[in-house]
Protein chains: 2
Amino acid sequence: MPPLTLEDVAKVAGVSVSTASRVLSGTANVRPAKRDAVMRAAEQLGYRPNAIARGLASGRSMLIGVLTQDIASPFYGETLRGVEDGLEGSGYSGIFASGHWRVESEASAIHSLTGRSVDGLIVLGGHTPDARLREINTHLPVVAVGRQVKGLEDRCLRIDNVRGGYDCARHLLELGHRRIAYVAGPRDHRDARDRLEGHRRALREWGIEDDPALTLEGDFHEPAGLLAVEALLARGAVFSAVIVANDQMAYGVRLGLYRRGIRVPDDVSLVGFDDLAGSAFTTPPLTTVRQPTYEMGMAAAEALLAILNGASPALPLFEAQLLIRESTAPARSARPGLPARPELRPGERS
Amino acid sequence: MPPLTLEDVAKVAGVSVSTASRVLSGTANVRPAKRDAVMRAAEQLGYRPNAIARGLASGRSMLIGVLTQDIASPFYGETLRGVEDGLEGSGYSGIFASGHWRVESEASAIHSLTGRSVDGLIVLGGHTPDARLREINTHLPVVAVGRQVKGLEDRCLRIDNVRGGYDCARHLLELGHRRIAYVAGPRDHRDARDRLEGHRRALREWGIEDDPALTLEGDFHEPAGLLAVEALLARGAVFSAVIVANDQMAYGVRLGLYRRGIRVPDDVSLVGFDDLAGSAFTTPPLTTVRQPTYEMGMAAAEALLAILNGASPALPLFEAQLLIRESTAPARSARPGLPARPELRPGERS
DNA sequence: TTGTACGCGTTATCAA
DNA sequence: TTGATAACGCGTACAA
């Protein structure tokens, strides 16, 4: 069975290929009688238009390129799902490529995407220079999620990470915590820097001086959290709470504390960031900042579709939300009915 | 800047388009001098072949369709990454579509994939009938991961789930557990059925009769695990260990036990299946069965590439491996130095 | 080894 | 409203 072409359909319907094309692509008006004939012929033959030929002729591939950083990322996964759902029914398909947070790798990913003549590009985080994105945007509409691109501010979907970082610290400060350890994300990661900035702002407002011994840096993956706890204890740090720049590292911190017999939240409170799928099911459920990642992915897709239709959509604003679960509790000294006692020291068991 | 065509390159290089084509697609031999001229012209102009036109002319889209069930699945995510890496450098790109474990949804996903004239199809799980996959395979090479397709056995990559289920039970039985609760996956899910079968086989071998009161069914997501614990306790079940058909539900079980003050592994041992990224960082780290999901994805991609090159690759065998971590311990009665005591009853605190 | 010319399946243009 | 015909950019017989 050789693949069917428009010509076959046209022949059966008794019309010209152009008419058949018009009917099947809904481009122009066709007399109902012929219209029906074409539809019936297509149906009966099981005709399926060839997207490639269509792309060549029309100049539109009907593909949306999605530059993600890691196809298996628990964080961006929800965003990808949002993009997928946002594209649903539009005739466009998403095509993904991973940049792994490396500029060259991202470049080659973009390369492979544009090589397929995608009609638009959705960028999920990454380190590709703003200038490069602006340049791409001159001939290909670009929408970015999770990053701020100078010159493309109205094409960026993000949350206020400074605010998120601030909220985490504030929550703990209000619970009476004063010695708060902070496990930051990579220094070259904008979100990580913003969260740390918000954290420090809160400390300042509460008149607490920033203790370098309480701040560490990790790579956003689980083992970094484990290591952070070890480093903290090794340097004899005293703390009643730990804020971690993302949930994945918070999982590591949780395990590190567990290994040392430090209870959460009884001995130490723990706060994460992202609200990954598993964070509601850790023991105890993790207090964290939820990002509307799915919604952002969906909004990105819809915005791009609107742009492709000639509109200039106003991108909605997204708010991060602190979810207070069970990994945070009032600081010991702040708890009524309990004698104030010195905070936990390394090696000490509860 | 109008997009460059082969014609532009050919003009600059002083050769015909066909020669330029031959050089850039490596199809035939070209005199070194001309070859270099073409390469230089392409380089200098920044020429990028148009994949769409190429696809139309050659009949190959250089796209590999990947039917996944959920683009954000923590389980298949690693497989997708494997596919991506396996395709790397081959000139083929993966294009994903999600079926959400619903036959009609999978059908439309396959539809959108074939509509883009993918050159091959990788199927990740799902409920699409075997017959349909066989039919597709007649005109499009198909490789399946995580399922057994009748008639396409040599195109399937999977692990022995019966064996995996057996190993879990055996591990606990050897630790002295006799009353083992089992939270199964969806009945219509082949992997789930296999794991349960392996479980029951082990029980039989140990001469333990299957207690229906100890078996529950979930949907493979976290909340189901939580519910399972509640149901178990509500019906007054007595058990010293729980085996859960996948890690996601095991997380739910873990939380359910935590909520009831039941310690893991002190009071109850817990075993999962899949070894998700987070499972090494739960508290305690989860004993589970690791599936080489990344490797399977990679192997699937490589196998498909081989088939496209006319080979008939022998698919490697994959083994699941029980990872004994800290969520399992000898049954109380089996522990030396501890008096045997009745197993935990609902409502009882440790 | 190289160039000419045609075809891939569809949409777009232009007359009719 | 319709049909013939020319693109779309590239691969590839075929001839030279």
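Below, read A as the first sequence line, B as the second, and so on, with proteins coming before strands; counting in each chain starts at 1. Model, not experiment: these values are computed from the prediction.
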Go through [options] for me and flag the one nearest to the [X] side chain.
X	options	result
A:L56	D:dG3, D:dC8, D:dC10	D:dC8
A:L6	C:dT2, C:dT10, D:dC10	C:dT10
A:S16	D:dG11, D:dA4, C:dG3	D:dA4
B:R31	C:dT1, D:dG11, C:dC8	C:dT1
A:S18	D:dT1, C:dA12, D:dG11	C:dA12
A:N50	D:dT1, C:dT10, C:dG3	C:dT10

Would you say D:dG9 has OP1 or OP2 under 4.0 Å from some side-chain N or O of B:Y47?
->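 Indeed not, no polar side-chain atom of B:Y47 lies that close.
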side-chain N/O A:S58 vs C:dT11 OP1/OP2, d < 4.0 Å = no
Run the salt-bridge test on B:E84 and B:R81 with the 4.0 Å N-O cut-off and return the result as yes or no.
-> no
Looking across every strand, which nucleic acid part, if any, lies under 4.0 Å from [X] by heavy atom: base, sugar-phosphate, or nothing?
X	result
A:T5	sugar-phosphate
A:S21	base
A:T19	sugar-phosphate

Which residue lies more 5' along DNA chain C, comparing B:V30 with B:A57 via nearest heavy atoms | B:V30
Using the closest heavy atom to pick a nucleotide of DNA chain C for each, name whichever of A:A53 or A:T27 lands nearer the 5' end.
->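 The residue mapped nearer the 5' terminus is A:A53.
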Side chains of B:S16 and B:T19: do they bring a donor and an acceptor to under 3.5 Å?
-> yes
With distance as the sole criterion, is a donor-acceptor pair present between the side chains of A:S61 and A:R116 under 3.5 Å?
-> no
Over how many whole Å does the gap from [X] atom [atom1] to [N] atom [atom2] extend?
X	N	atom1	atom2	result
B:R60	D:dC10	CZ	C1'	13 Å
B:R54	C:dG9	CZ	P	19 Å
A:R116	D:dC8	CZ	P	22 Å
B:I52	C:dG9	CD1	C1'	13 Å
B:L4	D:dC8	CG	P	14 Å
A:E7	C:dT11	CD	C1'	15 Å
A:K11	D:dG3	NZ	C1'	15 Å
B:R48	D:dG9	CZ	C1'	15 Å

Answer with yes or no whether B:R22 presents, from its side chain, a donor or acceptor under 3.5 Å of a partner atom in the base of C:dG3.
-> yes
Report the C-alpha separation of A:R147 and A:D130 in whole Å, then their side-chain angles, then the decisive distance to 0.1 Å, and conclude whether the salt bridge (Lys or Arg N to Asp or Glu O under 4.0 Å) test is met.
-> CA-CA 10 Å; A:R147 58 175 289 176; A:D130 288 2; 2.7 Å; yes
So A:H127 and A:H189, would you call those rings parallel, tilted or perpendicular, with 30° and 60° as cut-offs?
->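 Taking A:H189 first and then A:H127, their aromatic rings stand perpendicular (interplane angle over 60°).
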Between A:F96 and B:F96, how do the two ring planes meet: parallel, tilted or perpendicular, split at 30° and 60°?
->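 Because their plane-to-plane angle lies in the 30° to 60° range, the rings of A:F96 and B:F96 count as tilted.
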